[in-house]
There are 2 protein chains.
Amino acid sequence: MTSTRVLRADATRNVNALLAAATEVFRELGADAPLDEIPRRAGVGRATLYRHFPTREHLYAAILQAQVNTLVEAAVAREDAADPWEALLQWISAYEEIGAEYRGMSARLSSALLEDGSPVAELCAPMKAAFDVLFRRAQEAAQVRDDISSVDVLAIVSALPRDLNTGRARPAHLAVVLDGLRQ
Amino acid sequence: MTSTRVLRADATRNVNALLAAATEVFRELGADAPLDEIPRRAGVGRATLYRHFPTREHLYAAILQAQVNTLVEAAVAREDAADPWEALLQWISAYEEIGAEYRGMSARLSSALLEDGSPVAELCAPMKAAFDVLFRRAQEAAQVRDDISSVDVLAIVSALPRDLNTGRARPAHLAVVLDGLRQ
DNA sequence: ACCTGAACACCGTTCAAGT
DNA sequence: ACCTGAACACCGTTCAAGT
């Protein structure tokens with residue numbers, strides 16, 4: 001729940017500049033990039049970053065927002081698919097790409113998914129819920145093993161080793177997990 | 001290849017104290033612990049740490065040494081097992097525990113396995129080779145899919161999300177990967 | 001209400017001086 | 001040959017002073 005308080009015009013401008021800079025910095029230097037660089041590139045004072053984004057995680061959440069929204073929609077669109085397994089496959093293939101352009105991001109996402117209360121966890125809550133619907137349908141159709149939860153699947157996929165250049169999981173790795181999921 | 005140069009008596013004493021302290025510190029604070037704490041607990045100067053262990057990775061390698069040796073032996077012992085798949089299962093179950101007592105270590109191990117030249121990568125080379133023998137035997141027996149390499153399997157297993165208390169992979173997660181591996 | 005630069009704390013790394 | 005404490009650099013976080 002990103003509380004959209006009303007901000008003074010200059011504050012809004014700063015927030016936008018900070019987000020643009022953060023996206024750029026994380027893309028270039030990875031999710032572990034020094035935060036310093038962000039207010040520097042945004043042309044604002046250090047403390048302004050901390051006022052708007054108290055922690056690194058708050059920046060991650062803001063940056064991943066759009067992708068998460070898209071994935072929620074993609075899940076909802078597939079809720080009534082004729083073949084639940086096929087719907088699951090397609091959705092996970094799209095999900096696998098989340099955070100791929102920021103080195104180290106998907107590993108952090110994986111951890112956040114299994115925790116509670118972090119900004120990234122809160123951001124992902126609707127996505128978890130939407131995916132869970134797809135997942136249960138496939139389980140009920142006896143296409144997916146039932147000794148594992150939907151969140152676990154997301155966490156495993158995001159934890160897969162990433163190609164250093166593309167940031168994507170290796171297709172064979174994903175195939176192992178998906179085959180292991182199928183019943 | 002840990003070059004076992006001859007050290008002056010006080011140097012040997014310091015190295016041992018540093019390793020004992022590092023084990024303790026990483027166990028308590030995880031693999032990301034501040035290095036500072038190590039020379040402090042070992043009762044030596046800061047620079048003495050850096051003389052003997054130029055990077056954090058050198059400490060990791062030294063600390064994981066014993067476990068890696070054990071795993072090499074375990075692999076060799078199973079090379080002629082009657083059932084290659086069973087041998088593989090048993091070995092991976094043992095492997096999964098490596099670094100479990102140091103929070104965040106197995107994720108780092110996973111990355112190191114796919115790189116070259118890092119101290120941890122060098123440490124693991126013999127283990128990779130020993131496991132590869134087991135792995136190929138299972139592939140040749142058509143028990144394991146052949147679109148994936150043995151190192152990939154190690155990297156995937158070490159990348160699996162870890163239980164925050166035990167440091168172990170969840171059994172169901174491991175089961176997904178192993179079932180996905182089987183042909 | 002929001003901004004800023006300066007100050008502070010933390011920690012990795014190096015170096016000059018010692019034995 | 002090896003040790004040490006001091007110095008330096010980097011970076012996250014806070015705060016007093018400004019508009």
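All values reported here derive from a predicted model rather than from experimental measurement. We name chains A, B, ... by the order of the sequence lines, and we start the count at 1 in each one.
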Participant: Between the side chains of B:D83 and B:Q143, is a donor N or O closer than 3.5 angstrom to an acceptor N or O?
Facilitator: yes
Participant: Considering only heavy atoms from C-beta outward, does the side chain of A:Y95 approach that of A:M127 to under 4.5 Å?
Facilitator: yes
Participant: Rounded to whole Å, how long is the line connecting atom CG of A:L29 with atom P of D:dC11?
Facilitator: 10 Å
Participant: So do B:L18 and B:L59 actually touch side chain to side chain, heavy atoms under 4.5 Å?
Facilitator: no
Participant: Tell me the interatomic distance from B:D36, atom CG, to C:dC10, atom C1', rounded to whole angstroms.
Facilitator: 8 Å
Participant: Is a salt bridge present between B:R136 and B:D132, judged by a nitrogen-to-oxygen distance below 4.0 Å?
Facilitator: yes
Participant: Measure CD1/A:I38 against P/D:dC11 and give the value in whole Å, please.
Facilitator: 12 Å
Participant: Using the 3.5 Å cut-off, write out each protein N or O paired with an N or O of nucleotides 3-6 of chain D and the distance between them.
Facilitator:
unit_1, atom_1, unit_2, atom_2, d
D:dC3, OP1, B:N14, ND2, 2.4
D:dC3, OP2, B:H52, NE2, 3.2
D:dT4, OP2, B:G45, N, 2.9
D:dT4, OP2, B:T48, OG1, 2.6

Participant: Measure the distance from CG on A:L59 to C1' on D:dG12 and round it to the nearest whole Å.
Facilitator: 13 Å
Participant: Round to a whole Å and report the spacing from CZ of A:R40 to C1' of D:dG12.
Facilitator: 16 Å
Participant: Can you give me the dot-bracket string for DNA chain C, 5' to 3', counting Watson-Crick and G-U wobble pairs with both distances under 3.5 Å, using [ ] for crossing pairs and | for partners on another strand?
Facilitator: ||.|||||...|||||.||
Participant: How close or far is atom P of D:dC11 from atom CZ of A:R41, stated in whole angstroms?
Facilitator: 13 Å
Participant: Do B:L113 and B:D152 come close enough that some side-chain heavy atom pair is under 4.5 Å?
Facilitator: no
Participant: Between A:T55 and A:Y60, is any side-chain donor less than 3.5 angstrom from a side-chain acceptor?
Facilitator: no
Participant: Please answer whether the main-chain N or O of A:S118 pairs with a side-chain N or O of A:E57 as donor and acceptor at a distance below 3.5 Å.
Facilitator: no
Participant: Going by the rule side-chain contact (heavy atoms from CB on, under 4.5 Å), which residues pair with B:A33 if we only count those two or more places apart in sequence or in a different chain?
Facilitator: B:V25, B:F26, B:L29
Participant: Quick one: B:E37 CD to C:dC11 P, roughly how many Å, whole number?
Facilitator: 9 Å
Participant: Whole Å only: how far is the OH atom of A:Y50 from the C1' atom of C:dA9?
Facilitator: 13 Å
Participant: Quick test of your reading of the model: are B:E37 and B:R40 salt-bridged, counting only N-O distances below 4.0 Å?
Facilitator: yes
